[in-house]
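Keep in mind it's a predicted model, so treat the numbers as computed, not measured. FYI, side chains are in, hydrogens and waters are out, and symmetry mates aren't considered; it's all heavy atoms of this structure.
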Amino acid sequence: SCCLLWDTQMEYTRLLTKYFKESYEACGGNIIAEDTFIGGTRDYGSNITRIKKLSPQPEMIYIAAGPDDIGHIVEQFRKAGVNQPIFGGDSYDTPAITNISEKLCTGIYYTTHFLADRDNTRTKKAQLFIDRYTKEYGSPPDGFAALGYDTTMLAADAIKRADSEEPCKILQALKGTRAFIGVSGRIIYRNNQQIPDKNVSVVAIIEGERILVDNLMPEKIPLP
């Protein structure tokens, strides 16, 4: 069972909530309560009170929040004794979470594009990207750096396959992408859709440490 909490002010969080709800319920999950907050809020006491009053208590809490909010939310929830696992999306790929104390920063799970954990990285291409990025910038890449790199290389691959600089031919080549292997995983375009099928990294934060749980291709993706 799950309690669903989301920021009403961001298109990202509204869509993330929609996608999660559709997928979770399609897999047999039960959402027992839904609640909202306004992005930029720094006091989540009312949300915490409503969650703690639920009976039965949810087994997990899914929170769709922006990167500027999620650290504050996790800290306040844990300090208030809300200890259920917290789940979310790629906005959790921010130091704002792991900057809080290790004792509070635990039992958090999220989906993202990439985790720069060299021991668990699946491909040599990803390992090389981590090494070169870290050497250039002094810190490991986050998921968005990996996604930006893959976007550029995917465009270059489409131009090469199109053997043309004409936008329409490049677009056709991009639509025909079936097995592009990026640092974040495999990228495939199907059925003329503008959103590709691609690998998703599932990450856990346990006592302040990010751990790669799995890297997988989703079996079901809700329509936009």
Take Glu75 and Lys79 through the test salt bridge (Lys or Arg N to Asp or Glu O under 4.0 Å) and record every step on the way to the result. CA-CA 6 Å; Glu75 184 173 26; Lys79 284 183 175 178; 3.4 Å; yes
same_hphob_cluster([X], [Y]) at 4.5 Å side-chain heavy-atom cutoff:
X	Y	result
Leu216	Val213	yes
Met153	Phe129	yes
Met60	Leu16	yes
Leu212	Val200	no

Once you round to the nearest 0.5 Å, how far does [atom1] of [X] lie from [atom2] of [Y]?
X	Y	atom1	atom2	answer
Asp163	Lys160	CG	NZ	10.5 Å
Gln57	Asn83	CD	CG	10.0 Å
Ile181	Lys125	CD1	NZ	7.0 Å
Ile73	Ile70	CD1	CD1	4.5 Å
Ile108	Tyr92	CD1	OH	8.0 Å
Cys3	Ile31	SG	CD1	9.0 Å

Side chains of [X] and [Y]: closer than 4.5 Å at any heavy-atom pair?
X	Y	value
Phe114	Ile130	yes
Lys103	Arg78	no
Arg14	Thr8	no
Ile170	Glu166	no
Pro58	Cys2	no
Thr177	Leu154	yes
Glu209	Glu102	no

Output yes when a side-chain donor or acceptor of [X] lies under 3.5 Å from a complementary backbone atom of [Y], and no otherwise.
X	Y	answer
Gln76	Arg42	yes
Asp7	Gly39	yes
Lys52	Ala80	yes

Could you give the side-chain donor-acceptor pairs of residues 138-152 under 3.5 Å, partners two or more places apart or in another chain?
| residue | atom | partner | partner atom | Å |
| --- | --- | --- | --- | --- |
| Asp142 | OD1 | Phe144 | N | 3.1 |
| Asp142 | OD1 | Ala145 | N | 2.8 |
| Asp150 | OD1 | Val183 | N | 2.8 |
| Asp150 | OD2 | Val183 | N | 3.3 |
| Asp150 | OD2 | Ser184 | N | 2.9 |
| Asp150 | OD2 | Ser184 | OG | 2.5 |
| Thr151 | OG1 | Leu147 | O | 2.8 |
| Thr152 | OG1 | Gly148 | O | 3.2 |

Using the side chain to side chain contact (heavy atoms under 4.5 Å, CB included) rule, take Phe77 and Leu5 through it: C-alpha gap first, then chi angles, then the decisive distance, then the call. CA-CA 12 Å; Phe77 273 49; Leu5 176 65; 3.8 Å; yes
Under 4.0 Å between a Lys/Arg side-chain N and an Asp/Glu carboxylate O for Asp131 and Lys135?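 Here Asp131 does not pair with Lys135 in a salt bridge, since their nearest N and O are not under 4.0 Å apart.
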Enumerate the residue pairs fulfilling ring-ring contact (aromatic ring centres under 6.0 Å, His included) with a member in residues 43-62, sequence neighbours excluded, ordered by first and then second residue.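 The answer is Phe20-Tyr62, Phe37-Tyr44.
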Taking the six-membered ring for Trp, are Tyr109 and Phe87 parallel (under 30°), tilted (30 to 60°) or perpendicular (over 60°)?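 The rings of Tyr109 and Phe87 lie parallel, inter-plane angle below 30°.
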Which atom of [X] lies closest to which atom of [Y], heavy atoms considered:
X	Y	value
Ala173	Arg161	O-NH1, 2.8 Å
Asn215	Ser201	ND2-OG, 2.8 Å
Ile205	Cys105	CG2-SG, 3.4 Å
Ile206	Thr106	CA-OG1, 3.6 Å
Tyr12	Ala65	CE2-O, 4.0 Å

Indicate whether the side chain of [X] and that of [Y] have a donor and an acceptor atom separated by less than 3.5 Å.
X	Y	result
Arg210	Tyr110	yes
Ser1	Asn30	no
Gln84	Glu59	no

Scan the side chains in residues 94-101 for donor-acceptor partners under 3.5 Å anywhere in the protein, sequence neighbours excluded, and list what turns up.
| residue | atom | partner | partner atom | Å |
| --- | --- | --- | --- | --- |
| Thr94 | OG1 | Ala96 | N | 3.1 |
| Asn99 | ND2 | Pro95 | O | 3.2 |
| Ser101 | OG | Leu104 | N | 3.4 |

If the test is salt bridge (charged side-chain N to carboxylate O under 4.0 Å, His left out), which one of Arg190, Arg186, Arg178 qualifies with Asp197?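 Single salt bridge (charged side-chain N to carboxylate O under 4.0 Å, His left out) partner of Asp197 among Arg190, Arg186, Arg178: Arg190.
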Flag if over 12 foreign heavy atoms under 6.0 Å of CZ, Arg50: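 Above 12, so yes.
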